[in-house]
Number of protein chains: 2
Amino acid sequence: MAGLAIEPLAKSLGTTKGSFYWHFRDREELISAALERWENEETDAVIAMLGPLAGGRSRLRELITAIFVTHGEVPDRSIGLAAAAGHPAVEEVLERVTRRRIDYLAEELVAAGLGEGEARHRAVLAYTSYLGYSTLVRSTPGALPRGEQAAAFVDSMMRLLTS
Amino acid sequence: MAGLAIEPLAKSLGTTKGSFYWHFRDREELISAALERWENEETDAVIAMLGPLAGGRSRLRELITAIFVTHGEVPDRSIGLAAAAGHPAVEEVLERVTRRRIDYLAEELVAAGLGEGEARHRAVLAYTSYLGYSTLVRSTPGALPRGEQAAAFVDSMMRLLTS
DNA sequence: ACGGGACCATACGGTCCCGTATGGAAGGCG
DNA sequence: CGCCTTCCATACGGGACCGTATGGTCCCGT
């Protein structure tokens, strides 16, 4: 996996490998811990985000706006994880998170008045678009709408998703 | 970068490093060559795919279907490249390819009758969705619609994009 | 005060990879 | 035949990283 090497990590924390290997048995164990933590934080963040919101369309809009527009500042680690797949533990968590997210989107779309099947399709569309958007944000941000263009993009997307 | 190591590559080709370093000066040069080749092949493939097709909506549909449904068999390397970004040469090519693809989609959508701005938004939506879809295909295919569900997904997406 | 556990640093061997050095084999050409 | 270019293999040094070994410090209970 990339981005989780223990020697550089230890150095960046101002400590050493010796310390690390006291707390973790393995690099495997570090990955598991990071993964578990990521999965929990991610669901917490989502729940916290949509808790105080009203139901239906506005909740969905808030979510989508937060995800697409704010994304530059608080990047999701999904993409890195997805790219670093091939690791069994990663794949397992990733699949679970993916399912939950798509299911949640589909539920919201049903609540917004769509039929079951169509809601699912659009949930997949929205979520895959989110993933691709994240990918582009970090690989080639120049090709993406930013600022008010991004807002207009979200507007268009919302209209499309809930039409 | 991941997946382009020269020692494993040489071994998998039944040759050695010595041979490699005769043909290429650097690992850098290999990456450049692979990148250039990828960019060309990719445009060729797209052009070849849409050449014999009729204009307007059917061309777009063909493209989208090919991309989403057939994708399991002939995976695009974009994702791997995008993930392996940070490399300047990769970013440059990737941004060029991304722009061209989104531009092309927007053109097709304009040809299908949409306004300029809306076409661009939907092109971004379609392309980011494609990228995310590809990511999920290789990371957690279980969370995606496959088979006729995939076809229904493409149907839904086409209706949405050209509505 | 002292033995032992918690916590951490240094040092080492092993693996995988990059890049270089060097020594051929095979074929055109005087 | 001798020679030179082309193409390739083996051997080496270096760096990044994993995991282990080993010793040192600090603190806590007795």
Side-chain angles (χ1 to χ4, degrees), chain A residues 1-42 75-97 134-135 138-140, chain B residues 1-42 75-97 134-135 138-140:
Chain A
M1 256 185 49
L4 259 184
I6 127 170
E7 265 170 337
L9 177 65
K11 189 159 47 183
S12 85
L13 291 178
T15 180
T16 61
K17 283 199 314 183
S19 171
F20 173 87
Y21 277 98
W22 199 90
H23 298 283
F24 296 89
R25 201 176 44 77
D26 245 348
R27 188 162 163 276
E28 215 59 16
E29 201 171 293
L30 168 68
I31 291 177
S32 295
L35 220 48
E36 187 177 346
R37 182 185 176 123
W38 172 78
E39 184 177 7
N40 291 334
E41 268 183 4
E42 171 270 335
D76 188 350
R77 259 86 70 198
S78 313
I79 314 310
L81 291 174
H87 195 105
V90 174
E91 279 180 24
E92 185 194 329
V93 172
L94 205 53
E95 172 147 356
R96 197 160 50 236
V97 168
S134 306
T135 306
R138 70 192 60 204
S139 68
T140 64
Chain B
M1 258 184 47
L4 259 181
I6 129 169
E7 264 170 339
L9 177 63
K11 188 158 49 184
S12 84
L13 291 177
T15 180
T16 62
K17 282 201 311 182
S19 172
F20 172 86
Y21 277 97
W22 174 257
H23 299 284
F24 296 87
R25 201 176 45 78
D26 245 347
R27 189 162 163 277
E28 214 60 16
E29 199 171 294
L30 168 68
I31 292 178
S32 294
L35 219 48
E36 186 177 348
R37 181 184 177 125
W38 172 78
E39 185 177 6
N40 291 332
E41 268 182 5
E42 173 270 335
D76 188 347
R77 258 88 69 197
S78 313
I79 315 311
L81 291 174
H87 195 106
V90 174
E91 279 180 24
E92 184 194 327
V93 172
L94 206 53
E95 172 148 356
R96 199 160 48 235
V97 168
S134 305
T135 304
R138 71 193 59 204
S139 67
T140 63

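A, B, ... follow the sequence lines: proteins, then strands. Residue 1 opens every chain.
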Integer-rounded Å distance: D/dC7 P and B/Leu13 CG: 17 Å
Distance (rounded to the nearest 0.5 Å) between A/Ile31 CD1 and A/Phe24 CZ: 11.0 Å
Atom CD of A/Glu36 with >12 non-hydrogen neighbours under 6.0 angstrom: no
Whole angstrom value for the distance that separates C1' of C/dG14 from CZ of A/Arg27: 16 Å
Reported CD-to-OH distance for the pair A/Glu29 and A/Tyr21, which is rounded to 0.5 angstrom: 11.0 Å
Side chain to side chain contact (heavy atoms under 4.5 Å, CB included) assessment of A/Phe20 paired with A/Leu13: CA-CA 10 Å; A/Phe20 173 87; A/Leu13 291 178; over 6 Å; no
Shortest non-hydrogen contact from B/Trp38 toward B/Leu94: CH2-CD1, 4.0 Å
Set of salt bridge (Lys or Arg N to Asp or Glu O under 4.0 Å) partners for B/Glu92, sequence neighbours left out: B/Arg96
Spacing between B/Arg25 atom CZ and D/dC7 atom P, to the nearest angstrom: 18 Å
Length of the CD-C1' vector between A/Glu29 and D/dT20, whole Å: 16 Å
Pairwise N/O distances under 3.5 Å, protein to nucleotides 23-27 of chain D:
none

Closest heavy-atom pair and its distance - A/Leu35, A/Val90: CD2-CA, 3.5 Å
Residues which pass side-chain hydrogen bond (donor to acceptor under 3.5 Å, both in side chains) with A/Arg25, listed by chain and number, not counting sequence neighbours: none
Sugar-phosphate, base or nothing in reach of B/Tyr21, heavy atoms under 4.0 Å: base
Rounded distance (Å) that lies between atom C1' of D/dC18 and atom CG of A/Leu30: 12 Å
Under-4.0 Å side-chain N/O to phosphate OP1/OP2 contact, B/His23 with D/dC8: yes
Atom-to-atom span, NZ of A/Lys11 to C1' of C/dC8 - whole angstrom: 17 Å
Gap separating the OG1 atom of B/Thr16 from the NZ atom of B/Lys11, nearest 0.5 angstrom: 12.0 Å
Contact summary for B/Ile6 and B/Arg27, nearest pair of heavy atoms: CG2-CD, 3.7 Å
Dot-bracket encoding of pairs in DNA chain D, which uses [ ] for pseudoknotted crossings and | for another strand, Watson-Crick or G-U under 3.5 angstrom: ||||||||||||||||||||||||||||||
Output a table of nitrogen or oxygen pairs between the protein and nucleotides 3-6 of chain D separated by less than 3.5 Å.
none

Check nucleotides 9-13 of chain C for protein N or O atoms closer than 3.5 Å to its own N or O atoms and list the pairs.
unit_1	atom_1	unit_2	atom_2	d
C/dA9	OP2	A/Thr15	OG1	2.8
C/dA9	OP2	A/Thr16	N	3.1
C/dA9	OP2	A/Thr16	OG1	2.7

Which atom of A/Val97 lies closest to which atom of A/Glu39, heavy atoms considered: CG2-CG, 3.7 Å
Spacing between B/Glu28 atom CD and C/dC18 atom P, to the nearest angstrom: 12 Å
